[in-house]
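What follows is a short report on a single structure.
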Amino acid sequence: MKEMKYDVVVVGAGIAGPIVARNVAKSGFSVLLIDKKPAIGTPKQCAEGISIKVFDKYDIPYDRRFINREIYGAKLYSPSGYELELRYKEASGVILERKVFDKMLAYYAAKAGADVLARTEALDVIKKNGKVVGIKAKHEDEPVEIYADVIVAADGVESTIARKAGINTYAPPHEFDSSYEYEMLIEGFDPDMIHLWFGNEIAPRGYVWVFPKDEDRANVGIGINSDNPKTAKYYLDKWLRENNIPAKKLLEINVGVVPVGGFVKDLVKDNVLVVGDAARQVNPMHGGGMAEAMEAGTIASKWIVKALEEENLELLKNYTTEWWETDGKRLEKVLKVRRVTEKLTDEDLDLFIQILSGADAEKIAGGDYGEVIKALLKHPKVLLSPRRITLLKELL
């Protein structure tokens, strides 16, 4: 049995894992980043869109090798076909190539001094006197024991390591979405914008998206509540048929489960931290979790470095505190919005998309929805409906 020893072992090289590994390695500690996949980043489970702000904010190079194209806004479509367009003069986001992006994040971690091992699957934690002292893994099918002072579970939705370490990551099925996505050839959509369709018949609780990667190629996907009797694929195929879009040029098919609530309360247990999808750190409205994973990874790595420098693992608990006081607070607000939007009828969606102006939608996107709700509440069609008033007041 092969044995290894590091200051920190990070399980999972998605988004959160490599950010933690890079930041901690930069501070001079020994770090091992492992991922069970033979090629980091593959297969992708993502619509690949992200805000352009993250590159500066999290110190990630703006590298054309993983940026498919820049995006200048979004177009929202209501069930009856009303449109709301948010177009910016400058690029507001990018469509990534996640297979390259994730691998490059792991590369930045390696350059900063971390060791990185692909095809290395974490199977269990190693305990001594009731304390977690490392993990059992297999690297290229050979068993290996990795001992570390700090263990980071960044191993995605099903997070084995967080669970084995005794962190409660349970969330009810209703707090997950099922997603299904084709990367395919598709024409007729402005490739400078992302496109989102809403409606209870179109995508219950979620939306259909077209995220362009080329003039005529896009990620075309859907997210719906995972406790739906019908599958995400059923709704996506139905949408394509109804819009006369042939699904005959499919370059890739991705299936996934996305947490849209059920944030993990205690992000740290002794010397084990949970980050990213494993901690359900995902935006409950749009189901995106890349920026959230970067933020959580940044906060977690800061406290890991402090704890190791001061040789006081109690300091790790500050990660939970800081995350909940900052991003956790924001995501709880977004979750409230999601719970209200779940109750909207197609008529509501039609009406709200008609009423909202671009500026309002921008505020919603930024979570500043107080002003928006006040605007909606002034509209006669809202004032005449006690149900709509009640729903909107739930948000205030």
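Just so it is clear, the values below take in all heavy atoms, side chains as well, and ignore hydrogens, waters and symmetry mates.
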Between CH2 on residue Trp303 and CG on residue Asn318, distance to nearest 0.5 Å: 4.0 Å
Pairs touching residues 112-127 that satisfy salt bridge (Lys or Arg N to Asp or Glu O under 4.0 Å), sequence neighbours left out: Arg119-Glu140, Arg119-Asp141
salt_bridge(Asp155, Lys36) N-O dist < 4.0 Å: no
Members besides Tyr180 in its Ile/Leu/Val/Met/Phe/Trp/Tyr cluster (side-chain heavy atoms under 4.5 Å): Tyr77, Tyr182, Met184, Ile186, Phe189, Trp197, Ile202, Val208, Val210, Val220, Ile222, Ile224, Tyr234, Tyr235, Leu236, Trp239, Leu240, Ile245, Leu250, Ile253, Val255
Ionic contact status for Lys26 with Asp59, cut-off 4.0 Å: yes
Derivation and outcome, side chain to side chain contact (heavy atoms under 4.5 Å, CB included), residues Phe352 and Leu392: CA-CA 11 Å; Phe352 293 171; Leu392 291 170; 4.3 Å; yes
Non-neighbouring partners of Ala122 that pass side-chain contact (heavy atoms from CB on, under 4.5 Å), sequence neighbours left out: Val11, Ile34, Ile135, Ile161
Donor-acceptor contact present, side-chain Ser301 to main-chain Thr298, <3.5 Å: yes
Side-chain cluster (under 4.5 Å, hydrophobic types only) that Leu185 belongs to, other residues: Leu251
Straight-line distance of Leu315 CG to Lys302 NZ, nearest 0.5 Å: 11.5 Å
Pair Asp237 + Arg241, salt bridge at N-O below 4.0 Å: no
Nearest-0.5 Å distance that lies between atom CG in Leu331 and atom CE in Met285: 12.5 Å
Pair His379-Gln354, side-chain hydrogen bond (donor to acceptor under 3.5 Å, both in side chains): steps then yes or no: CA-CA 11 Å; His379 195 275; Gln354 275 174 283; over 6 Å; no
Path from Ile389 to Leu356 over hydrophobic side-chain contacts below 4.5 Å: yes
Exercise: do Asp177 and Ser226 side chains pair donor with acceptor under 3.5 Å: no
Lys37 NZ to Thr42 OG1 distance, which is reported to the nearest 0.5 Å: 8.0 Å
Electrostatic pair Lys5:Asp149 at N-O distance under 4.0 angstrom: yes
Steps toward side chain to side chain contact (heavy atoms under 4.5 Å, CB included) verdict (Lys317, Leu267): CA-CA 8 Å; Lys317 291 197 173 94; Leu267 299 167; over 6 Å; no
Exam field: side chain Arg69 to backbone Pro191, donor-acceptor pair closer than 3.5 Å: yes
Closest non-hydrogen atom pair between Tyr207 and His286, with its separation: OH-O, 2.7 Å
Asp214 side chain to Asp216 backbone, donor-acceptor under 3.5 Å: no
Any donor-acceptor N/O pair, Asn219 side chain to Ala47 backbone, under 3.5 Å: yes
Shared hydrophobic cluster, Met4 / Ile151 (ILVMFWY, side-chain heavy atoms < 4.5 Å): yes
Donor-acceptor side-chain pairing of Thr345 and Asp348 below 3.5 angstrom: yes
Hydrophobic cluster (4.5 angstrom, side-chain heavy atoms) - remaining members for Ile15: Ile19, Ile50, Ile52, Val54, Phe55, Tyr58, Ile60, Tyr62, Phe66, Ile67, Val94, Leu96, Val100, Phe101, Met104, Leu105, Tyr107, Tyr108, Met290, Met294
Derivation and outcome, ring-ring contact (aromatic ring centres under 6.0 Å, His included), residues Tyr72 and Tyr88: CA-CA 5 Å; Tyr72 291 84; Tyr88 308 102; 9.1 Å; no
Test log, rule side chain to side chain contact (heavy atoms under 4.5 Å, CB included), inputs Phe176 and Val260: CA-CA 5 Å; Phe176 293 91; Val260 286; 5.7 Å; no
Close side-chain approach of Asp190 and Arg87, heavy atoms under 4.5 Å: yes
Reported CD1-to-CG distance for the pair Ile304 and Leu308, which is rounded to 0.5 angstrom: 7.5 Å
Glu83-His195 side chain donor-acceptor pair, cut-off 3.5 Å: no
Interatomic distance, Leu76 atom CG to Met193 atom CE [nearest 0.5 angstrom]: 9.5 Å
Carboxylate-amine/guanidinium proximity below 4.0 Å for Glu252 and Arg217: no
Worked check of side chain to side chain contact (heavy atoms under 4.5 Å, CB included) between Lys75 and Leu196: CA-CA 6 Å; Lys75 250 181 125 165; Leu196 309 171; over 6 Å; no
Intermediate values then yes/no, salt bridge (charged side-chain N to carboxylate O under 4.0 Å, His left out), Arg280 and Glu292: CA-CA 10 Å; Arg280 321 284 176 237; Glu292 284 69 18; over 6 Å; no
Asp35 side chain to Ala13 backbone, donor-acceptor under 3.5 Å: yes
Side-chain donor/acceptor of Lys238 to backbone N/O of Glu201, under 3.5 Å: yes
Hydrophobic cluster identity match, Val282 and Phe263, side-chain contacts under 4.5 Å: no
Nearest atoms (heavy-atom pairs only) where Gly199 meets Pro79: CA-CG, 3.7 Å
SB check Glu183 Lys213 (cutoff 4.0 Å): yes
Side-chain donor-acceptor pair present, Trp209, Glu181, cut-off under 3.5 Å: yes
Note: Glu342-Arg338 ion pair, threshold 4.0 Å (strictly below): yes
Partner residues of Lys306 under the side chain to side chain donor-acceptor pair (under 3.5 Å) criterion, sequence neighbours left out: none
Common cluster, Ile126/Ile146, ILVMFWY with side-chain heavy-atom separation under 4.5 Å: no
Stepwise salt bridge (charged side-chain N to carboxylate O under 4.0 Å, His left out) check, Glu295 with Lys57: CA-CA 9 Å; Glu295 181 62 22; Lys57 188 172 180 190; 3.6 Å; yes
No-hydrogen, no-angle side-chain donor-acceptor test under 3.5 Å, Gln45 and Asn254: no
Close side-chain approach of Lys336 and Glu394, heavy atoms under 4.5 Å: no
Side-chain donor or acceptor of Asp266 paired with backbone N/O of Val268 under 3.5 Å: no
Arg163 side chain to Glu158 backbone, donor-acceptor under 3.5 Å: yes
Lys/Arg-Asp/Glu bridge criterion (N-O < 4.0 Å) met for Glu97, Lys44: no
Test item: Thr120 side-chain N/O and Ala118 main-chain N/O as donor-acceptor pair under 3.5 Å: yes
Asn283 side chain vs Gly288 backbone, donor-acceptor pair below 3.5 Å: no
